[in-house]
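Note: hydrogens, waters and symmetry copies are ignored here, and every other heavy atom, side chains too, is used. One-based numbering along the sequence shown.
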Amino acid sequence: YRIKRNDFDINMCYIIGILNKLRRYNMKITVVDLSEKLIKAFSKQLDEVFPHLKDKVELKLGSFDSIRSYDAIVSPGNSFGFMNGGVDNALREFFGTQLEQRVMDKIKEDFLGEHNVGSAFVIETKDSDYPWLVHAPTMRVPSVIAGTDAVYSATWAALVAVTRHNKTESQKIEHLVFPGMGTGAGKMNFDKAAGQMLLAFERMFNPSFSKKWKDAYDRNNVLKENV
């Protein structure tokens, strides 16, 4: 049997598509934070609620700069790109002030000056050892976000941005690092933050699509349990 050129192209596209899906679903995620209480909250949730994620989500107590290698790290910032507090300040010190300026420039150019919560973008760090930053605001300005689903929205936006990146860029993101989202200035309860982040991880690794309103409401109700 001789494969026609068009058949070959179609088959190759199909194979590449399958490989890209496997790369996304097999992506390694590391949650790193200086708070022992937060890491314990994640560990408890992994044991009791999300045991199927244990082989996909690594927990590390400490600073992100103690991780020897990764492809991208998430910045749980604000809508205006200021990186002078919390994790963002540590990222700015590590990668240099050029990163903050380029984040601000991108927000100005692509988001009309305000990068809303629930959206994210991937930007180069200019460090070949840790090449990408994912900017995913958890708040417009520093403020308390306890009692909201902002952590889920920011985490989900980061995962969507990475998925889109991996579809178009030759340099893939296969190891993604998250700090605790919204637990600093946002004062999100550690258990709630862990629950919202892990729920987003689960839905990325095991995607489902709502075919009717009941599915959508059920999906939303699960999230509400973690608010």
Side-chain angles (χ1 to χ4, degrees), residues 26-78 82-100 103 120 122-139 142 145-146 150-152 154-159 161-162 172-202 204-205 226:
N26 290 329
M27 181 171 60
K28 177 182 178 181
I29 291 177
T30 297
V31 176
V32 60
D33 204 273
L34 293 170
S35 170
E36 184 177 1
K37 290 182 178 179
L38 178 61
I39 296 301
K40 285 183 176 179
F42 268 95
S43 181
K44 181 180 179 182
Q45 293 262 3
L46 283 171
D47 285 339
E48 298 178 359
V49 186
F50 302 96
H52 48 288
L53 293 182
K54 281 187 173 183
D55 62 337
K56 299 179 183 298
V57 179
E58 174 189 42
L59 305 179
K60 186 173 180 63
L61 177 63
S63 174
F64 70 88
D65 57 12
S66 66
I67 302 175
R68 297 185 63 179
S69 66
Y70 54 82
D71 300 314
I73 186 167
V74 177
S75 165
N78 55 78
F82 295 108
M83 299 181 69
N84 59 348
V87 174
D88 287 320
N89 188 57
L91 290 169
R92 183 178 65 173
E93 290 183 357
F94 186 81
F95 292 108
T97 56
Q98 55 82 24
L99 180 58
E100 178 183 43
V103 166
V122 179
I123 191 169
E124 289 185 69
T125 63
K126 302 299 183 181
D127 185 325
S128 59
D129 292 327
Y130 315 97
W132 305 104
L133 178 91
V134 185
H135 189 259
T138 56
M139 57 191 71
I145 59 172
V151 165
Y152 173 85
T155 303
W156 184 250
L159 296 171
V162 169
K172 309 300 182 186
I173 295 173
E174 297 180 336
H175 183 190
L176 179 61
V177 173
F178 277 88
M181 302 282 277
T183 57
K187 299 189 183 302
M188 178 74 77
N189 173 278
F190 289 158
D191 290 327
K192 298 296 186 183
Q196 290 188 30
M197 291 178 68
L198 287 167
L199 181 61
F201 297 163
E202 179 186 50
M204 188 272 292
F205 285 120
N226 288 282

Taking all non-hydrogen atoms of both residues, which atom of [X] and which atom of [Y] are closest, and how far apart?
{"X": "A200", "Y": "T155", "result": "CB-CG2, 3.6 Å"}
{"X": "T30", "Y": "K60", "result": "CG2-CB, 4.4 Å"}
{"X": "L46", "Y": "V57", "result": "CD1-O, 4.4 Å"}
{"X": "A120", "Y": "A161", "result": "O-CB, 3.8 Å"}
{"X": "V151", "Y": "G182", "result": "CG2-CA, 4.1 Å"}
{"X": "I39", "Y": "V31", "result": "CD1-O, 4.1 Å"}

Residues that [X] engages under side-chain hydrogen bond (donor to acceptor under 3.5 Å, both in side chains), provided they are two or more places apart:
{"X": "Q45", "result": "none"}
{"X": "N78", "result": "none"}
{"X": "S43", "result": "none"}
{"X": "E124", "result": "none"}

| query | Tell me, which pairs form a salt bridge (charged side-chain N to carboxylate O under 4.0 Å, His left out) where one or both residues lie in residues 28-37, sequence neighbours left out? | reply | K28-E58, E36-K40
| query | Which pairs, with at least one residue in residues 41-50 and sequence neighbours excluded, count as a salt bridge (charged side-chain N to carboxylate O under 4.0 Å, His left out)? | reply | D47-K54
Under 3.5 Å, sequence neighbours excluded: what are the donor-acceptor pairs made by side chains of residues 186-193?
unit_1, atom_1, unit_2, atom_2, d
N189, OD1, D191, N, 2.8
N189, OD1, K192, N, 3.0
K192, NZ, E225, O, 3.4

Any chance you could measure [X], atom [atom1], to [Y], atom [atom2], to the nearest 0.5 Å?
{"X": "D71", "Y": "T125", "atom1": "CG", "atom2": "OG1", "answer": "10.5 Å"}
{"X": "I73", "Y": "F95", "atom1": "CD1", "atom2": "CZ", "answer": "6.5 Å"}
{"X": "I145", "Y": "T138", "atom1": "CD1", "atom2": "OG1", "answer": "4.5 Å"}
{"X": "M197", "Y": "L38", "atom1": "CE", "atom2": "CG", "answer": "7.5 Å"}

| task | Tell me, yes or no, whether the heavy-atom count around F82 atom CZ, taken from other residues, nucleotides or ligands under 6.0 Å, exceeds 12. | result | no
| query | Got a sec, which pairs hit ring pair (Phe, Tyr, Trp, His ring centres under 6.0 Å) with one end in residues 41-63, sequence neighbours left out? | reply | none
Residues 127-136, side-chain donor-acceptor partners within the protein, below 3.5 Å, at least two apart:
unit_1, atom_1, unit_2, atom_2, d
D127, OD1, D129, N, 2.9
Y130, OH, R68, O, 3.2
H135, ND1, H115, ND1, 2.9

[X] versus [Y]: any side-chain heavy-atom pair under 4.5 Å?
{"X": "L99", "Y": "K126", "result": "no"}
{"X": "M27", "Y": "M204", "result": "yes"}
{"X": "L159", "Y": "L176", "result": "yes"}
{"X": "K56", "Y": "I29", "result": "no"}

| query | In chain order, what residues pass the salt bridge (charged side-chain N to carboxylate O under 4.0 Å, His left out) check against E100, with sequence neighbours excluded? | reply | R92
| message | Please enumerate all residues that pass side chain to side chain contact (heavy atoms under 4.5 Å, CB included) together with V87, with sequence neighbours excluded. | response | P76, L91, P179
| message | Once ring pair (Phe, Tyr, Trp, His ring centres under 6.0 Å) is applied, do any residues pair with F178, and if so which ones, sequence neighbours excluded? | response | F201
